[in-house]
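Remarks on the structure that follows.
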Amino acid sequence: MTTLVTGATGNTGRHVVAELVRRGDRVRALTRDPASAVERLPAGVELVAGTHTAPETLDAALDGVSRLHITVTAGLAEAGPELVRRAVDAGVRRITVVWGGWVGPVEQAVADSGVEWTRLEPQEFMSNTLTWIDSIRAEGIVRESYDFPSALVHEADIGAVAAVALLDDGHAGRAYNLTGPESLTPRERIAILSRAIRRDIVFVPITHQQAVDRLTATGVSRADAEYVVGWYADSSDASTTVVDTVEQVTGRPARTFAQWVAEHAERFHPPQVVAG
């Protein structure tokens, strides 16, 4: 049997692929650019060109697939239900979906699909810390509008839970809230990162509007920017409360933020200046 992973080179998708391959599964990876994905995904993965936001083009990619992993991303709300319908018609019998922060059209379509499904509801990704790279490298500064705690989860743990739900029985109809093992404020994250790269990093508060404007300047819609910043301004209990779902599902503790930092610390160092 084959598992199709959409968004296969994304923050979570590549970890789903890696964990499925580690467990001996046959994986088909959907990516916009298979040529560049070769070096980013494990050997033996079948690479297919395409995007889940255009399900009408994916009949060949879905051929022979029995399991499907979906990550809800921008632009999928409209196309996602059609993707689910086509997948089920093609013979998919088990679906995992990483939600987009709420139960929207895609998540509901998966739940109504008539096949086995598991919804993964991760809280903040640890990889969001990567948005600090430029200001840390250039100035040793992090600018954020709020300093509230967040139970960040490592993307590899999301991938591990997805792989278990796809390959093992007993997870159908479940919605898994996923967090890391600790709830940390930006200042606490900065302290961990500062120790790891051996450099002082200063937290500089900015206003809510400045945070929204910063996102829209990168091309994010104002509505999406308001949602993201508002999520930090009014965090839910789920986003701040640590749960042990990762350990319950995978049999091992969730990875810590310090572990994530150790994996990415080099990216936060200032660029080396080469003497002329």
Per the ring-ring contact (aromatic ring centres under 6.0 Å, His included) rule, what does the pair list look like for residues 11-45, sequence neighbours excluded?
none
E116 meets the side-chain contact (heavy atoms from CB on, under 4.5 Å) criterion, sequence neighbours left out, with R94, A172
Presence of salt bridge, D157 and R252, under 4.0 angstrom
yes
State, without any angle test, whether W102 and E107 hold a side-chain donor-acceptor pair at a distance under 3.5 Å.
no
Enumerate, atom names and distances included, each donor-acceptor pair closer than 3.5 Å involving a side-chain atom of residues 55-65, sequence neighbours excluded.
residue, atom, partner, partner atom, Å
T57, OG1, A54, O, 2.7
D59, OD1, R86, NH1, 3.1

Within the 4.5 Å heavy-atom criterion, are V21 and R26 side-chain neighbours or not?
no
When E121, Q123, H154 are each screened for side-chain contact (heavy atoms from CB on, under 4.5 Å) with T179, the one that passes is Q123
Looking only at side-chain N and O atoms, does H52 offer a donor or acceptor that is under 3.5 Å from a partner on E82?
no
Output every pair passing ring-ring contact (aromatic ring centres under 6.0 Å, His included) with a member in residues 103-140, not counting sequence neighbours, ordered by first then second residue.
none
What closest approach, in Å, do A79 and T53 show between heavy atoms, and which atom pair accounts for it?
CB-O, 3.4 Å
Test side-chain contact (heavy atoms from CB on, under 4.5 Å) applied to T245 - qualifying residues, sequence neighbours left out
Y176, L178, V243, V249
Scan the side chains in residues 35-44 for donor-acceptor partners under 3.5 Å anywhere in the protein, sequence neighbours excluded, and list what turns up.
residue, atom, partner, partner atom, Å
S36, OG, D33, O, 3.1
S36, OG, D33, OD2, 3.1
R40, NH2, T9, O, 3.1

Non-hydrogen atoms of H269 and R137 that approach each other most closely:
O-NE, 2.8 Å
With the threshold set at 4.0 Å, does a side-chain nitrogen-carboxylate oxygen contact exist between R189 and E144?
no
For residues H69 and T96, is any side-chain donor paired with an opposing acceptor at under 3.5 Å?
yes
